[in-house]
Amino acid sequence: MSIFNQAQERIARQIDPEVAKKNWKDWKWQQKHLIRTIPDFERLLGVTFDKGERVQLNKTVQRFPLSITPYYFSLIDRHDFRNDPVFKQAFPSPQELIKEDSDMVDPLAEDKDSPVEGITHRYPDRVLFHVSNICSMYCRHCTRKRKVGDKDFIPNKETLLKGIDYIRKTPVVRDVLLSGGDPFLLSDSQLDWLLTEIESIGHVEVIRIGTRTPVVLPYRITDDLVAMLKKHQPLWINTHFNHPREITASSSLALEMLADAGFPLGNQSVLLAGINDCPRIMKRLVHKLVQNRVRPYYLYQCDLSEGLSHLRTPVGKGLEIIESLIGHTSGFAVPTYVIDAPGGGGKIPLTPNYLISWSTNKVVLRNYEGVITTYKEPDSYEPIFCDRKCAKCDLQLKLEGAPEYDVTGIAELLSDADERIALVPRSNERMTRRENGKSRKR
Ligand SMILES: *Cc1c(COP(=O)(O)O)cnc(C)c1O
């Protein structure tokens with residue numbers, strides 16, 4: 001099967017009259033010939049936007065730049081480009097300039113939760129490490145839109161060393177998630193160096209890489225890259241397909257190379273209005289993903305970043321999609337639908353309700369078919385009050401050296417390990433009154 005198809009041949013010649021067929025699949029050729037302007041887009045699509053539209057588009061591009069690989073461009077259906085899911089993810093919309101009151105520059109507070117440049121440390125045991133600010137395709141729905149194309153944010157070796165140093169000095173970090181930008185746009189040797197450094201840190205158990213190259217630049221997955229990555233197992237790789245049309249022969253081959261090398265593959269989609277906000281599209285996507293040995297991991301509600309309002313859907317759309325998947329298809333084909341909490345609260349999973357009611361010995365549930373059923377709880381159950389004194393607990397014999405850890409949040413409220421019976425907001429008036437009353441007494 002020839003991966004080099006007619007559309008690709010036409011685009012390749014238009015971009016680079018000297019192109020030899022073999023160059024098309026050279027990821028560096030693709031990088032060198034990124035499409036970055038409205039006139040280039042017009043020329044390759046074979047359309048001319050009217051003057052008014054072009055003014056709007058240019059304004060948009062000045063604020064949020066444009067970049068697309070020739071490969072990803074070649075997936076656009078030229079005859080119906082305005083409805084094309086690839087076009088819509090890559091081509092600017094003047095609606096990006098609309099500012100809504102709820103829009104935020106850094107909705108996930110990644111910068112606030114950043115102990116050193118490049119690191120976001122939000123969860124107890126894992127960090128996000130921005131190792132590259134380069135992308136070959138600028139997704140219009142990028143949550144880090146504020147930084148796209150900003151040269152100041154390109155991490156140099158010195159910045160990377162600061163990040164590595166933070167991880168080394170922070171023993172609770174057992175999972176390091178490399179993101180960006182796209183980590184796979186670093187050179188093989190840069191990436192090799194980075195992975196070697198992180199791996200050498202004793203308390204790091206796994207490294208993950210988030211990359212969109214299998215979608216927008218599948219030729220980046222070369223034999224050399226895979227051979228280098230293989231030295232760094234265990235390595236988990238997550239990619240970002242949003243629409244079944246993005247899974248082509250080329251991307252399938254890239255995924256096959258990664259899966260054959262033994263990397264567990266996951267996919268993170270973003271729910272996008274007019275692109276994939278449809279149960280049928282999403283079902284097709286998850287099925288194609290699992291056929292390619294990629295486990296759908298997350299489906300994200302679109303963030304509150306500036307310039308994304310026209311791409312957002314109501315939360316109900318995400319729940320409707322999940323409702324259409326759970327029970328209706330393989331469990332491992334169903335992603336977890338999450339909202340990344342504005343302000344930096346992390347990912348919050350959402351599922352349709354399956355628990356209808358319950359009493360002291362029975363729960364009433366419904367299934368995906370709408371069947372209402374009951375589950376009878378045990379008549380007797382010896383409750384285990386876990387006070388975390390493991391030395392005195394029978395279960396400890398099977399712990400096999402599992403480390404001790406602190407419970408926090410709701411898990412802490414549920415546990416019997418300490419005295420806390422409530423979580424109270426810091427600005428609670430009643431508590432402030434109590435505090436003030438105390439100081440008066442003294
Ligand atoms: C998403 C994310 C992670 C990883 O979360 P998982 O649920 O473990 O995949 C880690 N840190 C930050 C800041 C994140 O946004």
Side-chain angles (χ1 to χ4, degrees), residues 1 3 69 71-72 75 84-86 88-90 136-137 139 141-143 177-179 182-184 208-221 225-226 229 234-302 311 313 317-338 340 347 349-351 368:
M1 183 180 11
I3 290 172
T69 57
Y71 161 79
Y72 196 58
L75 308 186
D84 188 276
V86 172
K88 285 186 171 184
Q89 288 181 69
S136 49
M137 205 287 272
C139 304
H141 55 274
C142 183
T143 188
L177 172 43
L178 305 186
S179 178
D182 199 314
F184 277 2
R208 294 192 250 179
I209 294 180
T211 174
R212 211 180 178 194
T213 55
V215 187
V216 299
L217 187 61
Y219 313 130
R220 175 63 185 104
I221 312 305
L225 176 72
V226 172
L229 294 174
L235 193 61
W236 291 61
I237 297 175
N238 263 342
T239 185
H240 175 30
F241 288 93
N242 286 329
H243 194 281
R245 284 257 323 272
E246 295 172 329
I247 304 183
T248 63
S250 299
S251 54
S252 281
L253 179 64
L255 296 171
E256 183 182 327
M257 288 166 72
L258 293 171
D260 281 352
F263 306 112
L265 302 178
N267 185 70
Q268 316 196 158
S269 297
V270 182
L271 183 56
L272 296 167
I275 294 173
N276 61 7
D277 51 341
C278 155
R280 210 172 145 199
I281 291 175
M282 288 309 293
K283 190 177 271 183
R284 180 76 181 132
L285 174 64
V286 297
H287 285 168
K288 280 182 96 170
L289 286 169
V290 297
Q291 273 180 292
N292 284 279
R293 290 179 280 174
V294 181
R295 167 84 154 90
Y297 181 48
Y298 282 140
L299 171 63
Y300 285 93
Q301 177 66 13
C302 190
L311 294 170
T313 65
K317 185 50 77 175
L319 287 173
E320 181 190 341
I321 287 168
I322 299 301
E323 181 78 64
S324 78
L325 295 174
I326 292 179
H328 297 275
T329 192
S330 323
F332 62 78
V334 184
T336 303
Y337 174 45
V338 292
D340 217 334
K347 296 173 186 74
L350 295 177
T351 327
Y368 73 100

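In this text the structure is predicted, and so the values were computed from the model without any measurement.
For the atom pair Tyr219 OH and Tyr71 OH, the distance stands at 6.0 Å (nearest 0.5 Å). Considering CD1 of Ile247 and CZ of Arg284, their distance stands at 8.5 Å, rounded to 0.5 Å. For the atom pair Tyr297 OH and His240 NE2, the distance stands at 15.0 Å (nearest 0.5 Å). In this structure, the separation between CG on Leu217 and CE on Met137 is 11.0 Å, given to the nearest 0.5 Å. Rounding to the nearest 0.5 Å gives a distance of 5.5 Å between SG of Cys302 and CG of Leu272. To the nearest 0.5 Å, atom CD1 of residue Ile221 and atom OG1 of residue Thr211 are 6.0 Å apart.
The number of heavy-atom neighbours closer than 6.0 Å to CZ of Arg295, taken from other residues, nucleotides and ligands shown, is above 12.
With no hydrogens or angles considered, no side-chain donor-acceptor pair links Tyr368 and Ser324 at under 3.5 Å. Donor-acceptor pairing under 3.5 Å is recorded for the side chains of His287 and Thr329. A donor-acceptor contact closer than 3.5 angstrom is absent between the side chains of Thr239 and Asn267. Looking at Thr313 and Asp277, their side chains never bring a donor and an acceptor atom within 3.5 Å of each other.
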Take Phe241 and Gln268, measure what side chain to side chain contact (heavy atoms under 4.5 Å, CB included) needs, and give me the verdict at the end.
CA-CA 7 Å; Phe241 288 93; Gln268 316 196 158; over 6 Å; no

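Formation of a donor-acceptor pair under 3.5 Å by the Asn292 side chain with backbone atoms of Val294 is not found in this model. In this structure a side-chain-to-backbone donor-acceptor pair under 3.5 Å is present from Arg245 to Leu75.
Counting only residues at least two apart or on different chains, the salt bridge (Lys or Arg N to Asp or Glu O under 4.0 Å) pairs with a member in residues 320-338 are Lys317-Glu320, Glu323-Arg366. Sorted by first and then second residue, the salt bridge (Lys or Arg N to Asp or Glu O under 4.0 Å) pairs involving residues 246-271 (not counting sequence neighbours) are Arg212-Glu246, Asp260-Arg293.
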